[in-house]
Each structure stands twice: as structure tokens, then as C-alpha cells.
Amino acid sequence: MTPADLPALTIAELQTLLRQRQVSPAEVVNCLHARIADADPTLGAYLSVDLEAALREAASVDVELPLGGVPIAIKDIINVAGQPCTCASRILGSYRSQYDATVIRKLRAAGAIPFGKTNMDEFAMGSSTENSGVKIARNPWDLARVPGGSSGGSAAAVAAGEAYGALGTDTGGSIRQPAGFCGVVGLKPSYGRVSRFGLVAFASSLDQAGPLTRTVRDAALIMNAIAGGDPQDSTCLDSPPPDYTAKLGRDLRGLKLGVPREYMSDGIDPQVKVAVDAAIAQLHSLGAQIVEVSLPHTEYAVAVYYIVATAEASANLARFDGIRYGHRAENSNNLLDYYGRTRAEGFGAEVKRRIILGTYVLSSGYHDAYYLRAQKVRELIRRDFTRAFEEVDALISPVSPSVAFRIGERSADPLQMYLADIFTIAANLAGICGISIPCGFAALDDVRLPIGLQLLGRPLDEARLLQIAHAYEQSTTWHQQRPPARKSHEACAA
Ligand code: GLN
């Protein structure tokens, strides 16, 4: 066998080498660690990496398990026992997790090794990872640009060969949008499909955890490990999940795909539009029937999301009071002063903005005009999807109106940043599933930047999305392209 550049392998390829005993789990961990040490000072994808803990697990892991010996990077909003969990916020400072989130427990049961906590926008609020209270993360395709967010560290790590796969969370696009910006696969499962026990809550009616990987098959493998009921999360459905790899390889004949008219409108970067149109044509040539559909309440999605999400965030973030976790203010005069100082020092500007907005829309006098009305329009948005899915099996759209933007380009204008979430947030409001897959590149200046294609599916229809995404992926070469920041590491050949 020719030597393989270990960090470049997919999870499925790595498993073959592990099971053939061509490489040991400890070698895989050491090699990935070398790659991170080499590349991450530039990229900023990780907030913490614990080599010793991973090597301890590698020593006893059973490589015959579904993900046996595969290191998986974890967004720093998910608790991994003994590891830091900062949500990229000063307010959690040196906090260490006391227990494993259910998704971590399930990953371990499948043989995976949680390795490294990834950078993110503070408390998952943002679309660029520029709101990280720790450091900036960069896009491996162009270091002057953002990796997207809020799971930007997870996406950048997977794209740059610093992780085989990663977990992210998606409240309004935070798995799919960074996956799109970094040219990897990102799946947001349906509400209730994956347990949130042990995730730090941002907006509880919207949050979901899911995989970021280099291939669709790898996303299915992680879903097989993490999906399913959890007695510790009553919002998590009991119905047994399917085998997410079962439909991979099936063709698309007999499937009907819808293109939402409102999602292909003005304001989309022309190169994104060209790539998505080509992907639609490709899906058609693979046997799918394509029809136009309408999601008439799309124009309200951003407003509704930024009311519901901030309202829930303002309640969820009340627990960071300087008493239970992390940062504590000094020299306060009384308890109220102490809370105020702790929170003023601990939270960054965007988190404060959201808490203030959320408190405002919930306050008496404004509650009915904003929060209640937003909940009603949310229901109309959900019905748009129910109606569309009576006609079609899945919807196709861009992930984002643009490709990765320059660091600093939008950070001064929160509204502009919010508006760019237009294609991803409705899925969270409706509780449906969505996947982002690479569908081409935009040539900008002298760089090539990935373009993401989004597929949206019925609640609990992740297996169908994976089938469509896999058929498309296998008929293209986008997923095989690697960013220039990525160079093989000599210590990492097996
Ligand atoms: N960009 C959106 C926001 O800023 C979504 C974030 C997320 O999904 N966590 O809220």
C-alpha cells in the first residue's frame, strides 16, 4: 500500500486502516496532534486540545466499534468531562465540564475519541466566529476571510485536515453556514432527533447538534452514533433512528425536489447563483424531478428568528451570574452590583446586544407586539414547509447568499450579518432537517472560495437528505478539493 497522508483521509477510509491494523488509534491521535500543532497557530480552529486524555482513550479503544479509534473534534459549547467548556466566552473562563453531554457519551460508546474543543462565536451567537471572546478563526481557503459561524472552528478544522469530523450546533445555521464557507458537509438534524443534554443552551426551541465532515457518508456515520432518544432530554424523540447509511448509493429516480422561488431571488452573489443552478441541473440529470415551490413567509424569517432566539437566549444566559460558573467580578458593593459587574466583564458585545434585545421583546408592554406575534408568524413559516413537503421530498437552495467574507468586513454592521442568515434560519424555526454540501467555487481576487448547496427535508427525514446529498456528491469532485492552507505532515504517513 502506498503511504497515506493520514489527516487527509475520510472517516470511512481511516476506519479501514484502523481495522486492518495498518495504523493504531494512538498513531492516529499523535499524527492529528502534530497536524494541529503545525497548522492551528495560523488557523485558530481549536480552543483547547488534550493529547494525554486522547492517548489514554486510544490505548483501550476497540477499533471494531462503528467509530472505533476515530478522533472527533467538539464545539466548545458541548460538555466533555474533564475538558474546558468556555463557549468562547470570558464568563466561563477556566470552567471545566463535570460530565459528558449525551452526544459525547454516545460517541464514546461508538468508539470515537473526542479530541479538541473548537472555536466558535461566543455562546454560538454569530455567523463568522469573529465574536469569539478568545481568538479569531480563519478560513483555510483564504486566511484573510472568516470560516463562517458559529461552528467556524469545527468547519475550519475539518476542511484543513485538523479533524476527521466534528460536532457543531445549529440554532439558525451554525452548522450549515460554516460548512458551506469551508467546503465541507454539515448536517442539522430535525428538532428532537439528537439529545441536547450537556449542550450549553442558546435558544432552546431552535438548538440542535450535528456533524461536520468531509463526506456525506462520514456525516451518516456520526449520525448513526449520536441520534436517538435520551431520558435526560425530554425534547428528544424516543422513536428509534434509522441506519443513516442505508439509503446511500440509491439513485434519485422518483424523487421530487423543490426550488423555493423566494430563495433564488435578488441579492444572491452571481457566482453562488450559477453554482446552485448547475447543482439543480445535476440533480435533475441524476433522475430527480425539479419543480418550483413557494415559501411565502420567507421575508419574515430573519425578524422572527432574531426575536425568538434573543428572547430564549436572554432567559438561558441568566444562569451566568458569577456564582455558579466561571468568571467572578471583584470589588462589588452588593449582590446586584456583583451580578452587573460579572456580566459586564464576562460577556462580549454581541451577547450583550442579544440579551438586551431578548429582554426587551419579552418585557411587559412589548411581549405581545414582538414575542407573541413572532410565535404566530413562526407557525406560518412552519406551515409553508408542511405545504411544500406535501408536494416535494426535499428543497434545494444556496446555504448563504455569498461566499466567505473578509474578516472585519461585516462585524461593524450586525444587521447585515443577521440578514445573511436568510436561507438557514427558517429550518430551525420549523424544526426540519437541513444539510450543506459543497457545490462549487467562486473565483474572487486570486482565491477560490467554496460554495454551499443546502437541502432541506421533512422532520426526521435525514436519511433522505443524506441519500440525495450522497448521490450529488458522488457525481462531482467538489468534496475532493483541499484548501491551499493544507499541506501534508510528514510524521503523519501510515
Ligand atoms: N447566525 C445565527 C445567529 O447569529 C445562527 C447562530 C447559530 O446557529 N448558533 O444567531
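Below, each value reflects all heavy atoms present in this structure, side chains not excepted, and no hydrogens, waters or symmetry copies. For the single chain, residues carry numbers from 1 onward in sequence order. When a ligand or atom number is given, it counts from 1 through the structure's own listing order.
The Phe202 neighbourhood of ligand 1 comprises atoms 9 (N), 10 (O), with distances under 4.0 Å to a heavy atom of that residue. Less than 4.0 angstrom separates some heavy atom of Ala124 from each of these atoms of ligand 1: 6 (C), 7 (C), 9 (N).
Heavy-atom minimum distance, Ala137 versus Ile407: O-CD1, 4.5 Å. Closest non-hydrogen pair, Ile77 versus Cys85, comes out as C-SG, 4.0 Å.
Aromatic rings of Phe197 and Tyr99 (six-membered ring for Trp) have centroids within the 6.0 Å cut-off, being under it.
With respect to atom 3 (C) of ligand 1, the closest heavy atom belonging to the protein is Tyr306 OH, 3.3 Å. Counting only heavy atoms of the protein, atom 4 (O) of ligand 1 lies nearest to Arg354 NH2, 2.7 Å. For atom 1 (N) of ligand 1, the closest non-hydrogen atom on the protein side is Ser127 OG, 2.8 Å. Distance from atom 2 (C) of ligand 1 to its nearest protein heavy atom, with residue and atom name: Asp421 OD2, 3.2 Å. For atom 6 (C) of ligand 1, the closest non-hydrogen atom of the protein is Ser174 OG, 2.8 Å.
Residue contacts with ligand 1 include Ser150, since one or more of its heavy atoms lies under 4.0 Å from the ligand.
Ligand 1 has a nitrogen or oxygen under 3.5 angstrom from a nitrogen or oxygen of Gly126. Between Tyr305 and ligand 1, at least one N/O pair is under 3.5 Å apart. Between Gly172 and ligand 1, at least one N/O pair is under 3.5 Å apart.
No side-chain heavy atom of Leu221 sits less than 4.5 Å from a side-chain heavy atom of Thr213. Two residues are said to be in side-chain contact when any heavy atoms from C-beta on lie closer than 4.5 Å; Arg261 and Pro296 fail this criterion.
Rounded to the nearest 0.5 angstrom, Glu350 CD and Arg353 CZ are separated by 4.5 Å. A distance of 9.5 Å separates CD1 of Ile72 from CD1 of Ile113, quoted to the nearest 0.5 Å.
Side-chain atoms of Thr476 come within 3.5 Å of backbone atoms of Glu473 as a donor-acceptor pair (strictly under, hydrogens ignored).
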